[in-house]
**Q** 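Dumping the structure here so I can ask a few things about it.
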Amino acid sequence: ALALALALAHASVPAMASSSSFPPLWTDPAAVEAPAADERRGPGRIRGGVVVEVEQSMNYDPDLPESDDGMVDANEYDEHEHEHEHEHEHSDISLDHNEEEEGLRGNAEEQEGSEDGELQDPVVDDAVQRLVHDDSVHCVAVGPKTMAPTGGQPRPTLQAPEENRSAHLVVAGDQADTVSVFPSLLSQANNRVHQFEVHNDTVVSCKYSPCGTLFATGGMDGLIVIWRTPKNSMCEKEELAPLKLEGMKEVQWLRWHPSAEARVLAAGDIDGTVWVWKVTSGECLLVLSKGDIGHRSTAGAWTDGGRKLVAGYSNGDVIVWSLKTAMMLHRFSQRGQDNTRRPSLQHFGWTTHGVSTLEHHQEKPLFLVGSAGGETFLCNSMSGDVCAKLPRQRDSVEMVGFCKNDRWVVSCSMDKSANVFDTKEQLITAQLMHPKGLTCGILRAPSSHLEVLITGCCDGSVTVWDALRGIKLKRLSGFYKSVLCVDASEDVTTIVAGGDDHTSAVFNFQPIPESENIPDPGQTHPMQI
């Protein structure tokens, strides 16, 4: 009886194991019969003859390639996984852990880029409008407000008439050689955007004239195109009446003359020459060359009320040109006779790196120079002196600018910082830190009490700052990759940015009202570095 009981107990063990909800520790693949193809339902996959259940959070794809033996091919599986941006790294992630990661990914402040520079998907897109391009967007410009079409036969417009009356006309240039023209508010019924393929290479710059009736685009094909700003958002290429200015090798920058009546445009070339055009006739007025071969003109700005032109070069030189005589008035350089004649250059020194950005003062003969070595200089175009040298930043300076109250100047760098410098006290009053490096920025003064700095960051965000008080007013997210360019209307209610993710976006912003009680910037405690 005892032997019979032991035999029955021994025979019942396999049956208990097979009916248990827990899988065996090991299963011989040869002993397991693979299910038929029509039985492979859901996320189940066949690997080595064993059914491997995959979590639903893994974004199961029934089209995943398999080899002839029913197994998932490892090489094709890796390539297929790489095509999906939201795939997880491990197949055994639980649903709870997946939700936790999604929450962390949604935190825009902690977003990190991948090795190829692509950012994780932002959960919230703050843009009120987003336009998809064929390649990276290198320049944007916000123009005057457009009017709804009136008179004649009614025709479809880009947006509803009520919206159209408050829309700004936006221009964007991309790496696909395309110029896009569209209003800042598109209608849901008709979202057609005008795109013109006039250039044969990347469009690197687009600028509106001071009066707003014209805008210019410049490309790496050496072509400059002057466009007429339409009176309403419904425009055709013939109505824009593009005028081509030819002769340059590769446009680096464009700058309109500050006078609205002048209709004069300056442009820098890759060979180091600076061209000055009369856009109404297409006549080239001047070609300024400093004689050095191989140093491209990287930045330019007008100064002294438009009577002088400042140009920066890739070898670090900055030259002040006279438009009347086409002669070189001053040369800022690390070498040369000018250094011995001017004590300010001996005292402050000069950069040995290329000039990355330039900006002029609207009224005074002053201009700012930013270099690829992180240096920023405040210079006088009348005397040819260096007035101040800002504390050096750790990477290239990508933007410089004067606040409306010219006591403060701003410099934005790829070292993640934007510095607000008090020229009177000779110290930094605010250092605005970002998650990643800064690629672009602009300054606007929508009211007498507010100086707004708008920065574009490599983390795909656009940040609006109260520059004088060092206060972050708003962070705008939505780009997958770096923001490459940014512009805004004068009242800062419309902000437009272009990114390396092949999109341009329009954001709305409400400035601080005049009635709000804001402390005077002089009451803040400066941070000396």
Side-chain angles (χ1 to χ4, degrees), residues 204-205 252-253 255 266 268-270 272 274 290 292 294-303 308-321 328-336 338-339 342 344-361 366-381 384-403 408-421 423 426-428 431-432 434 436-443 453 455-458 484-485 529:
V204 296
S205 182
Q252 302 292 298
W253 53 268
R255 280 299 182 101
D269 204 345
I270 193 172
V274 177
K290 67 189 185 77
D292 296 348
H295 302 301
R296 58 191 176 96
S297 178
T298 55
W302 298 90
T303 184
K308 300 182 181 70
L309 184 63
V310 183
Y313 300 88
S314 58
N315 64 341
D317 289 358
V318 173
I319 296 178
V320 181
W321 297 93
M328 184 188 307
L329 297 178
H330 305 289
R331 182 177 185 140
F332 299 82
S333 177
Q334 180 67 19
R335 58 204 174 278
D338 287 347
N339 296 24
R342 285 178 287 176
S344 62
L345 271 175
Q346 292 182 338
H347 175 71
F348 291 107
W350 195 252
T351 180
T352 58
H353 301 83
V355 175
S356 54
T357 181
L358 274 171
E359 190 54 71
H360 69 283
H361 194 279
L366 300 173
F367 63 92
L368 287 165
V369 180
S371 77
E375 301 139 313
T376 303
F377 299 90
L378 174 62
C379 305
N380 190 313
S381 61
D385 290 319
V386 180
C387 303
K389 182 179 180 180
L390 278 64
R392 185 170 183 171
Q393 292 167 286
R394 295 188 299 272
D395 208 333
S396 174
V397 177
E398 298 298 321
M399 174 267 177
V400 290
F402 290 92
C403 292
W408 289 276
V409 296
V410 177
S411 64
C412 299
S413 172
M414 282 293 291
D415 70 351
K416 308 180 184 180
S417 69
N419 291 343
V420 182
F421 186 75
T423 58
Q426 294 287 299
L427 51 82
I428 293 179
Q431 190 173 55
L432 315 177
H434 298 71
K436 289 191 175 183
L438 300 179
T439 59
C440 53
I442 55 170
L443 275 169
L453 171 65
T455 56
C457 186
C458 286
L484 301 181
C485 51
I529 299 180

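Note that the structure is a prediction, hence the values are computed from the model and not measured. Just so you know, these numbers use all the heavy atoms, side chains as well, and skip hydrogens, waters and symmetry mates.
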**Q** Answer whether the closest heavy-atom distance between the side chains of W321 and K290 falls below 4.5 Å.
**A** yes

**Q** Rounded to the nearest 0.5 Å, what separation is found between the CG atom of L345 and the CD atom of Q334?
**A** 9.0 Å

**Q** If you apply the rule side-chain contact (heavy atoms from CB on, under 4.5 Å), what do you find for F402 with T423, and how did you get there?
**A** CA-CA 11 Å; F402 290 92; T423 58; over 6 Å; no

**Q** Report yes or no: does H360 contribute a side-chain atom to a donor-acceptor pair with the main-chain N or O of W302 at less than 3.5 Å?
**A** yes

**Q** Answer yes or no: is there a side-chain heavy-atom contact under 4.5 Å between Y313 and V274?
**A** yes

**Q** Give the minimum heavy-atom separation between Q393 and S411, together with the two atoms involved.
**A** OE1-OG, 3.0 Å

**Q** Using a 3.5 Å distance criterion without hydrogens, assess whether the side chain of W350 forms a donor-acceptor pair with backbone atoms of F377.
**A** no

**Q** Between V320 and F332, is a side-chain contact (heavy atoms from CB on, under 4.5 Å) present by the stated rule, with each step listed?
**A** CA-CA 9 Å; V320 181; F332 299 82; 4.0 Å; yes

**Q** Let me confirm one number: the SG-NZ distance from C458 to K436, rounded to the nearest 0.5 Å.
**A** 7.5 Å

**Q** Looking at every non-hydrogen atom in both residues, tell me the closest pair between C403 and L443 and how far apart they are.
**A** N-CD1, 4.1 Å

**Q** Nearest 0.5 Å please: distance from the NZ atom of K389 over to the CG atom of L378.
**A** 13.5 Å

**Q** Assess the side chains of W253 and S297: does a donor N or O sit below 3.5 Å from an acceptor N or O?
**A** yes

**Q** Examine distances only and state if a side-chain atom of T357 and a backbone atom of M399 form a donor-acceptor pair shorter than 3.5 Å.
**A** no

**Q** So, taking the atom named CG in N380 and the one named NE2 in H330, what distance separates them when rounded to the nearest 0.5 Å?
**A** 7.5 Å

**Q** Are S314 and R296 packed together at the side-chain level, in the sense that at least one heavy-atom pair is separated by less than 4.5 angstrom?
**A** yes

**Q** Between R255 and L358, which heavy-atom pair has the shortest distance, and what is it?
**A** NH2-O, 3.2 Å

**Q** Is C457 close to L438 at the side-chain level, that is, under 4.5 Å between some pair of heavy atoms?
**A** yes

**Q** Which heavy atom in T303 sits nearest to a heavy atom in S381, and how many Å separate them?
**A** OG1-OG, 3.1 Å

**Q** Would you say the side chain of E359 lies within less than 4.5 Å of the side chain of V409, judging by non-hydrogen atoms?
**A** no

**Q** Can N419 and L390 be said to form a side-chain contact (heavy atoms from CB on, under 4.5 Å), step by step?
**A** CA-CA 9 Å; N419 291 343; L390 278 64; 5.7 Å; no

**Q** Measure the spacing between CD of Q426 and SG of C387 and express it to the nearest 0.5 Å.
**A** 9.5 Å

**Q** Take I270 and Q252 through the side-chain contact (heavy atoms from CB on, under 4.5 Å) test and state the conclusion after the steps.
**A** CA-CA 6 Å; I270 193 172; Q252 302 292 298; 3.8 Å; yes

**Q** Is there a side-chain contact between C379 and V310, using heavy atoms and a 4.5 Å cut-off?
**A** no

**Q** Between S333 and D317, do the side chains contain a donor N or O and an acceptor N or O under 3.5 Å apart?
**A** yes

**Q** Could you state the interatomic distance from CG (D395) to OG (S356), rounded to the nearest 0.5 Å?
**A** 10.0 Å

**Q** Between S371 (side chain) and V355 (backbone), is there a donor-acceptor pair under 3.5 Å?
**A** no

**Q** Decide yes or no for V318 and F367: does some side-chain heavy atom of the first lie under 4.5 Å from some side-chain heavy atom of the second?
**A** yes

